[in-house]
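Every chain is numbered from 1, with letters handed out A, B, ... down the list of sequences.
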Amino acid sequence: MTDTRFATILERGVAEIITEAELLRLLNSGRILTLKQGFDPSAPDIHLGHVVGLRKLRQFQELGHKVTLIVGDWTARIGDPSGQSATRHMLSPNEIENNAQTYLEQFFKVVDKDKTEIRWQSEWFSQFTLDEVIRLTSKFTIAQLLAREDFNKRYGSGNPISLTEMLYPLLQGYDSIVIQADVEFGGIDQKFNCLVGRELQQSTGQPPQQVFLVPLLIGTDGHQKMSKSLNNQIGVAEHPREIYGKVMSIPDPLIVDYFELVTDVPEEEIAEFKKQLKSRSVNLMNLKKRLAHEIVRQFHGKQAADEAQEYFTQVFQKREIPKETRTVELHGVVDISGKIEVEVQRDITSLIVEAGLAKSRSEANRLLAQGAIEVDGEKVSASLVSLKDGSIIKVGKRRFLRMVDSAKRKWETANS
RNA sequence: GGAGGGGUGCCGGAGUGGUUAAUCGGAGCAGACUGUAAAUCUGCCGCCCGUAAGGGCUGCGUAGGUUCGAAUCCUACCCCCUCCA
């Protein structure tokens, strides 16, 4: 915009900035800004949806600013307002601690640890008195809270809203006062909560924080925002192959969004992609492979990304057996007298249940009946199958198992 | 304080005495097609035993009861929601 130095940071992957002019002024002031980011330790796993905002934090850090990460151990205790039947159990201090730990590990895959300060809500909320609660709540009216879209919808349609849900944004806002946040980051769905922080800061004479809202990333289902509870997420801590595969499975129209929001691929290149997509002069699958590679590399390094790509090509495009497969001991190939039996009969359904390729015996039976099980490339229909050392069992498209008989191997080395 | 509505499988939501492991939709899984895309078609979709045919167990908020038989009827209890005050 006005300043080319901040062009990318203020334009790419941004849903809304409140207020942009003020934020620009702060950026130009030369002051080290306090960037606020909060999280509830109730959901420790970070997925690509979170990464959109975290990447922004990172970009600000690269300009020299400082992140203050707030561990919402108190808001998590109240329970995030979203479930109707959500019988949310109180998190134990232990769980919170563990969740926070997991979260931090993943958080610092994106955000610079050295420029981050971690604060716990309990530092201030555990001392909170009723007097302070009353003072805090007195600053807001029901009408103000009902202005929030989701509350309003629920209220209008006769759905319940609990008091603690109303308290939630106030607590989050209070955090901003304590750490004197200059900018709060969040997804566009956090707009209301962040704005409450602004109001609260003003009411105590603090300059109001700027609010930096990023778009919500659509999940692998192609419709709804990425979220763990919708099971359409791609977690940053997932296995590289898994991340790669999940990216490959996103619907095509999402490709450009993903490039923009979760990769560093330059804007010009993305513009080129768009052009190519329009004229259909690019192979979509290759573009997607590039995307998947970029994303895996970001969290697990180039080597892992290469490996995941190779795996994908091999297993899904060429339909080959992956090089490394889980192995399972196949007993009984060598009989008591030491003679080698070439094959052994095994009950395939119980075998794949034991190996964890199917959840239950019933499921295994179903898979068998549906022709989803192959042994050494041959579809299996009876439950008794002949296996030998080195046999490969394939269940569905992507579950593999290699049978190994170490006794046989030993026998062979001993007799050679 | 008063009145009313409701608790069914992962989710939504039918079902008011037997043919109900429970209609239907979504999600999920598998097969065909394929680019682990989209679209489409087909099948599956509680657990256990059985190669199979088949059998057993558990299940409609909880606990009892009526009945040859209950998600469905009765009793008590628990929980949730809405409206009025």
> Look at all strands and tell whether A:Lys288 reaches a base, only sugar-phosphate, or nothing, counting heavy atoms closer than 4.0 Å.
base
> Looking only at atom P, what distance separates B:U8 and B:C73, rounded to whole Å?
16 Å
> Give a yes-or-no answer on whether the side chains of A:Asp112 and A:Gln61 include a donor-acceptor pair shorter than 3.5 Å.
no
> Salt-bridged, A:Lys115 to A:Glu62, with N to O below 4.0 Å?
no
> For residues A:Asp73 and A:Ser122, is any side-chain donor paired with an opposing acceptor at under 3.5 Å?
yes
> Rounding to a whole Å, what distance do you find between A:Glu320:CD and B:U36:P?
13 Å
> Counting only heavy atoms and a strict 4.0 angstrom limit, can you tell me which residues of residues 392-399 of chain A come near RNA chain B?
A:Gly396, A:Arg398, A:Arg399
> Using a 4.0 Å heavy-atom cut-off to protein, can you give one letter per nucleotide of nucleotides 44-53 of chain B, 5' to 3': B if the base is in contact, S if only the sugar-phosphate is, - if neither?
SS-SBSBS--
> Write down the distance separating the P atoms in B:U23 and B:U75, rounded off to the nearest Å.
30 Å
> Should A:Lys274 and A:Glu269 count as an ion pair when the cut-off is N to O under 4.0 Å?
no
> Please give the distance between the P atoms of B:U62 and B:G56 as a whole number of Å.
24 Å
> Specify the separation, in whole Å, of atom OH of A:Tyr311 and atom P of B:G35.
19 Å
> Are a donor atom and an acceptor atom from the side chains of A:Gln121 and A:Thr75 found within less than 3.5 Å of each other?
yes
> Counting the atoms with a prime plus P, OP1 and OP2 as sugar-phosphate, which does A:Leu254 contact under 4.0 Å by heavy atoms, base, sugar-phosphate, or nothing?
nothing
> If you measure only the distance, is there a donor-acceptor pair under 3.5 Å linking the side chains of A:Lys109 and A:Gln106?
no
> Looking only at side chains, do A:Gln209 and A:Ser176 share a donor and an acceptor under 3.5 Å apart?
yes
> Between B:G46 and B:G35, how far is it from one C1' atom to the other, in whole Å?
36 Å
> Go through it in stages, so that I can follow the logic: the residues are A:Gln144 and A:Lys139, the test is side-chain hydrogen bond (donor to acceptor under 3.5 Å, both in side chains), and I'd like the CA-CA distance, side-chain angles, deciding distance and then a yes or no.
CA-CA 10 Å; A:Gln144 275 174 304; A:Lys139 297 193 198 314; over 6 Å; no
> Please state how far atom CG in A:Leu287 lies from atom P in B:A38, giving the value in whole angstrom units.
16 Å
> Return whichever of A:Gln317 or A:Asn231 has its heavy-atom-nearest nucleotide of RNA chain B closer to the 5' end.
A:Asn231
> Does either side chain, that of A:Gln309 or that of A:Arg241, offer a donor lying less than 3.5 Å from an acceptor on the other one?
no
> What integer distance in Å separates A:Asp252:CG from B:U36:C1'?
12 Å
> Calculate the interatomic distance between A:Phe312 atom CZ and B:A37 atom C1'; express it in whole Å.
10 Å
> Do A:Glu267 and A:Thr8 meet the criterion of a side-chain donor-acceptor pair at a distance under 3.5 Å?
no
> Between A:Tyr244 and A:Lys289, does a side-chain contact (heavy atoms from CB on, under 4.5 Å) hold up when you go through it step by step?
CA-CA 8 Å; A:Tyr244 194 96; A:Lys289 284 178 84 167; 3.5 Å; yes
> Taking the P atom in each of B:G61 and B:G9, what is the distance between them to the nearest angstrom?
8 Å
> Please measure how far the P atom in B:G4 lies from the corresponding atom in B:U40, and state the result in whole Å.
48 Å
> Could you run through RNA chain B and flag its stems, i.e. three or more consecutive Watson-Crick or G-U pairs with both distances under 3.5 Å?
B:1-7 with B:78-84, B:10-12 with B:24-26, B:28-32 with B:40-44, B:46-49 with B:54-57, B:61-65 with B:73-77
> B:A37 P sits how many Å from A:Ile255 CD1, rounded?
12 Å
> Both A:Gly371 and A:Lys246 contact RNA chain B. Taking the nearest nucleotide for each, which residue is further toward the 5' end?
A:Gly371
> Can you tell me if A:Asn99 and A:Thr102 form a side-chain donor-acceptor pair at under 3.5 Å?
no
> Between B:A14 and B:C29, how far is it from one C1' atom to the other, in whole Å?
24 Å
> P atom, B:C24 versus B:U42: distance in rounded Å?
14 Å
> Do A:His50 and A:Asp45 have side-chain atoms, one donor and one acceptor, less than 3.5 Å apart?
no
> Expressed in angstrom and rounded to an integer, what is the separation of A:Met285 atom CE from B:G35 atom P?
7 Å
> Could you state the atom-to-atom distance from CG of A:Leu277 to P of B:A37 in whole Å?
18 Å
> Do A:Arg319 and B:U34 have a side chain to base donor-acceptor pair shorter than 3.5 Å?
yes
> Closest to the A:Lys379 side chain: B:G31, B:A30, B:G35?
B:G31
